[in-house]
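Below is one structure, written out as structure tokens; comments come after it.
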Amino acid sequence: MYCSSCGSLIKDGQSFCPNCGTPVTQPVQPVQSVPPVQTAPQPAVQPVSQPAAQPVYYQPVPQMPAAVPNAPVKKSRGFAIAGFILGISAVAFCFIIFVNLVSIFEGLAGAILSILGLVKKNGKLKAMAVIGLILSVFALFVSGLMWATFWSDDAYDLFNSLFGWVY
């Protein structure tokens, strides 16, 4: 019998639950075993011989080979982005006298990185790489023209005619 309060097993003959102390509502009486009833022996029945059942074979389900992931392809977006940023920076410095020496190095690095960004298969960033290349080439042209103005009067006149509005 089980306790109605906590559900613990109560042994026969106990009047309180050993777990929670709740009094047993019905006294537990030991169950008397009833002797089994003797029945007349039944004649042995011979089982009917049936043909042996064929074993059931299941067709194996063909499994597709599991896709083994190759090494993850690293999409190098850094070249296009770096070329774009260096192109912008090179254009920003190319019009400042003597600082445009920095622009020459940035323009070279920006052009190289933009070309590397174009070579990589970056669908969305190809436009950024192209713009970075254009800006870098423009900054190299302007910086080179400014440095040439120091060495030649003809280059000075050309620079003034092209970019005289800047100064």
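Everything numeric here is computed off the predicted structure, so don't read it as measured data.
Distance SG/Cys94 to CG/Leu101: 13.0 Å, rounded to 0.5 Å. Taking CD of Gln14 as the reference point, atom CG of Leu9 lies at 8.5 Å (rounded to 0.5 Å). Separation of atoms OG (Ser114) and CZ (Phe84) is listed at 9.5 Å; rounding is to 0.5 Å.
Of all heavy-atom pairs between Cys6 and Ser8, the closest is SG-OG, 3.1 Å. When all heavy atoms of Cys3 and Thr22 are compared, the closest pair comes out as SG-CB, 4.2 Å. Closest approach of Ile10 to Pro18, counting heavy atoms only: CG1-CD, 4.2 Å.
The shortest side-chain heavy-atom distance between Met128 and Ile81 falls under the 4.5 Å cut-off.
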Mind listing the side-chain donor-acceptor pairs of residues 133-143 below 3.5 Å, one per line with the distance, residues two or more places apart or on another chain?
unit_1 : atom_1 : unit_2 : atom_2 : d
Ser136 : OG     : Ala111 : N      : 3.4
Ser136 : OG     : Gly132 : O      : 2.8
Ser143 : OG     : Ser103 : OG     : 3.1
Ser143 : OG     : Ala139 : O      : 2.9

